[in-house]
Structure formats: C-alpha cells, structure tokens
There are 2 protein chains.
Amino acid sequence: MILEKKKAFNEFAAAKGLRSTRQRDIILDFFLSTHQHVSVEELYLKIKASHPGIGHATVYRTLKLFTEAGLAREILLHDGQTRYEHALAGEHHDHLVCTGCNAIIEFEDETIEKLQKEIAARHGFMIRRHKLEIYGLCALCRAPR
Amino acid sequence: MILEKKKAFNEFAAAKGLRSTRQRDIILDFFLSTHQHVSVEELYLKIKASHPGIGHATVYRTLKLFTEAGLAREILLHDGQTRYEHALAGEHHDHLVCTGCNAIIEFEDETIEKLQKEIAARHGFMIRRHKLEIYGLCALCRAPR
DNA sequence: TATGCCTTTGATTTTCAATTTCAATTACGC
DNA sequence: GCGTAATTGAAATTGAAAATCAAAGGCATA
C-alpha cells in the first residue's frame, strides 16, 4: 500500500518534471505512516523531531503536491487548521466531527451523493467536489463518565 | 421583515443586558439591506463609505452578536473569508458554490437531512449543526459566451 | 439634569496559519 | 564534473480574526 503510493507519487513527479528530493521522501514517509486527518502543524512537528532541518514551508508545499498527485485531500474544518487525509482513488467520504474531543468519524452514503447530483443537475450546476461535515458530539462525549 | 428583525435583535439585546448603540443600529441596517452571504470585509467597507468612524473590530463583534441573536449565520467557504447570511428561523439550507463566478446558490433537501440524522444515529452521534457545500461551475460558467 | 458605573468603541497591536521571498543548496541532464 | 534550473529553509510578509486598552458613551439612579 505504502509502496504503491510512493510509486504513484514518483510517477506524478516524473510527469510534472519534478525532482526527487530527500525532503519529499521524508515527508511522504511521515504522511503515509500518520493517522488520517493530520494537520500540517502536527505533521511538521513530528517530522522536525527526527529531521530538524526540514522547514515549515517545505511541509506546506509538499502536502499541496501530494494533493495534486491525488495522494492526499485537504480538509478544512471549523478550527482554522488545514488538515490532510489519505486519499484512496475513487473513494469519497464525509465527516462527523466531534466538537467535544475533536474525533473525526468518516462515513459514506451513496444516496446522499446521488441526491447531490440531482440537485446540481436541477440547477445546471457541474459538481467538482463537495464537502459535508456534521458537527456535534460523539457517543463518548454525549455521555460523560 | 426588517422591522421584525430589528425587534428580534432588540429583544435579544434587552435579554442579555446589552446597550443600544448607534453603531449596532447602523451595522444591523447595513446587514439587513445587504444581499445574502456578505463577507465581513465587504460589509465593513460598505459601512465605512458612509460612516468612516466605524471600526473593523466593531463589525466583527457585532456580526457575532447577530449570530448569537439568531439573525445571522456564519458560513465559511473555501476561500478563508467568513461570510454571514441572513438566518430565517427554523430554516436550513445548504450551498452550491460556483468557483467560476463565486455565485452561491441555496438549496434545501429534506431527504439529505433525514439521511444525515440516520447516519448520526448509527454512530451514536448527536448533531449540532452541519454544513454541506457543493463546489463546481454554475450553468453560466459552464457554457461561457 | 447631573453622577457614576460599566459597556462599548475603535485605533492599534497581537496572533496565527499560510504564503512569499530570496540566497544558498542540490538534483540531474549534458 | 559542469551548469542550469528546481528546491530548500530561514525569515519576512500577508491577511483574517481576536485581543488590548484608553476614551467615549449608555443608562440607572439620585
């Protein structure tokens, strides 16, 4: 899985004429071994611990590259922090975001997707992407100890 | 309609022990006479044109108050600008956002709402609010002249 | 109407994420 | 290796939003 993704990125980089650099390898490794929905800052700090030389800007730039390459997807929640999640080809899912503990639960619903397409069609609208976030309290936070 | 909203805000202010000020009146007037989905900056500039004394911070603060009072609703799209829309009691709607011309089309879909509730229930999740945005191109931007 | 308290205002500063800049470094084709 | 052009990273910049704080202004009371 990880190897596939690395290959995918290498292909993307080759196609775009990008160079292969140590930093991009490191950032990709860390990103791939990270949980879903990692924020840029979080990833940056993790990397910095073992690779102090790596700069802020490089992490930002590289995550954008991953997004272009289709490996990552940017998610902007309501806290002003950009997060990136692992993108699996074709997959689409939405999020339940717990405002109590910041947990993010993913879900997928074909019917909702279908309805969105219908709505868009009704307005002559061409969908590029969409985002559905449900904010509230997860089961644990609803019933505190 | 406008009078009703003013009354609603006055009642809210009274209940919270807030004072009635010239600035809040002005900002409310401008907000109510503005199109949907106005950004803070946009509103600020409009107000400033005829009331140069009014400060940035006051507009920010007052829009938050309107939101608390239930007159306005905050919407955060993908461009990092906070917008406020007119909130009508009970109503809920989502947005089609045209990335070509920045038009925002509102829609409502009960079935989607219902499905969201089902999904939340399945995860033991309590919904506070949600946000659904569909990004793409509107009919006009799809078929340029 | 005057008094005084306490909210509100607005210029300014601060914050914070994200981007830009630019000189130094590095990858890579020749 | 050489040279060029991409890449990096420290630092500066941006831009939205929040915080600060002295001055101004509401409003209850006398």
Side-chain angles (χ1 to χ4, degrees), chain A residues 9-31 37-69 72-84 102, chain B residues 9-31 37-69 72-84 102:
Chain A
F9 182 66
N10 287 338
E11 279 164 14
F12 168 83
K16 277 208 95 182
L18 302 177
R19 292 180 179 171
S20 129
T21 69
R22 197 173 41 84
Q23 288 88 338
R24 299 218 257 241
D25 286 347
I26 293 168
I27 297 171
L28 184 54
D29 273 340
F30 272 81
F31 176 66
H37 316 118
V38 70
S39 73
V40 184
E41 192 59 19
E42 197 185 337
L43 190 63
Y44 167 69
L45 290 175
K46 269 195 185 144
I47 294 174
K48 204 175 176 81
S50 48
H51 300 81
I54 289 210
H56 229 125
T58 305
V59 178
Y60 274 97
R61 282 188 286 235
T62 307
L63 285 170
K64 280 200 186 302
L65 277 184
F66 294 167
T67 304
E68 274 185 70
R73 196 177 295 120
E74 212 179 272
I75 44 181
L76 296 164
L77 302 182
H78 254 255
D79 67 351
Q81 281 244 344
T82 301
R83 273 161 237 275
Y84 286 87
N102 292 316
Chain B
F9 182 65
N10 287 338
E11 278 163 16
F12 168 83
K16 277 208 95 182
L18 302 178
R19 293 182 178 169
S20 128
T21 68
R22 198 172 40 83
Q23 288 87 338
R24 298 218 256 242
D25 285 349
I26 293 169
I27 296 172
L28 184 53
D29 274 342
F30 271 80
F31 176 66
H37 315 118
V38 70
S39 73
V40 183
E41 194 58 20
E42 196 184 338
L43 191 62
Y44 167 69
L45 290 175
K46 270 195 183 141
I47 293 173
K48 205 175 176 80
S50 48
H51 301 81
I54 288 207
H56 230 123
T58 304
V59 178
Y60 273 98
R61 283 189 286 236
T62 307
L63 285 170
K64 281 202 184 302
L65 276 184
F66 294 167
T67 304
E68 275 185 69
R73 196 179 295 121
E74 212 178 271
I75 44 180
L76 297 164
L77 303 183
H78 252 258
D79 67 352
Q81 281 244 343
T82 302
R83 272 160 239 274
Y84 287 87
N102 292 316

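Note: hydrogens, waters and symmetry copies are ignored here, and every other heavy atom, side chains too, is used. Note on naming: letters A, B, ... go to the chains in the order of the sequence lines (proteins, then strands), and numbering restarts at 1 for each one.
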For residues 49-65 of chain B, please give each side-chain donor-acceptor pair under 3.5 Å, one per line with the distance, not counting sequence neighbours.
{"unit_1": "B:H56", "atom_1": "NE2", "unit_2": "B:E41", "atom_2": "OE1", "d": "2.9"}
{"unit_1": "B:T62", "atom_1": "OG1", "unit_2": "B:T58", "atom_2": "O", "d": "2.6"}

- [ ] Give me the first and last nucleotide of DNA chain D, going 5' to 3', that has any atom under 4.0 Å from a heavy atom of chain B.
- [x]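 Terminal contacting nucleotides, 5' to 3': D:dA16 to D:dC27.
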
TODO: Give, ordered by number, those residues of residues 21-29 of chain B having at least one heavy-atom distance below 4.0 Å to an atom of DNA chain C; if nothing qualifies, reply none.
DONE: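 Residues of residues 21-29 of chain B under 4.0 Å from DNA chain C: B:T21, B:Q23, B:R24.
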
With sequence neighbours excluded, residues passing side-chain hydrogen bond (donor to acceptor under 3.5 Å, both in side chains) with [X]:
X: B:D79; result: B:R83
X: B:K46; result: none
X: B:Q81; result: B:S39

Open item on the list: Go nucleotide by nucleotide along DNA chain D from the 5' end; which of B:R83 and A:T58 gets its closest nucleotide reached first?
Closed with: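 Going by which nucleotide is closer to the 5' end, it is A:T58.
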
Task: First encountered from the 5' end of DNA chain D, between B:H56 and A:T62 - done: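 Whichever sits nearer the 5' end wins; that is A:T62.
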
Task: side-chain contact (heavy atoms from CB on, under 4.5 Å) involving B:D29 - partner list, sequence neighbours excluded - done: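 With neighbours one apart ignored, the set is B:K6.
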
- [ ] Using the test side-chain contact (heavy atoms from CB on, under 4.5 Å), find all partners of B:N10 that sit at least two apart in sequence or belong to another chain.
- [x]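 So B:N10 forms no side-chain contact (heavy atoms from CB on, under 4.5 Å) with any residue.
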
TODO: Would you list the pairs meeting salt bridge (Lys or Arg N to Asp or Glu O under 4.0 Å) in which at least one residue belongs to residues 9-26 of chain A, sequence neighbours left out?
DONE: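 The answer is A:K16-A:E68.
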
Task: Close approaches to DNA chain D from residues 38-54 of chain B, in residue order (heavy atom, under 4.0 Å) - done: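 Residues of residues 38-54 of chain B that come under 4.0 Å of DNA chain D do not exist, since none gets that close.
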
TODO: Walk along DNA chain C from 5' to 3' and tell me the first and last nucleotide with an atom closer than 4.0 Å to a non-hydrogen atom of chain A.
DONE: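 Extent of the interface on DNA chain C: C:dA17 to C:dC28.
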
Open item on the list: Between B:V38 and B:F30, is there a side-chain heavy-atom distance shorter than 4.5 Å?
Closed with: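 Sidechains of B:V38 and B:F30: no contact.
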
- [ ] Please identify each residue that fulfils ring-ring contact (aromatic ring centres under 6.0 Å, His included) with A:Y84, with sequence neighbours left out.
- [x]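 Partners of A:Y84 under the ring-ring contact (aromatic ring centres under 6.0 Å, His included) test: none.
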
Task: A:H37 side, atom NE2; A:I75 side, atom CD1 - distance, nearest 0.5 Å - done: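 Rounded to the nearest 0.5 Å, the NE2-CD1 separation comes out at 4.5 Å.
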
Open item on the list: To the closest 0.5 Å, what do you measure between CD1 (B:I27) and CG (B:L43)?
Closed with: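 The CG atom of B:L43 is 7.5 Å from CD1 of B:I27, to the nearest 0.5 Å.
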
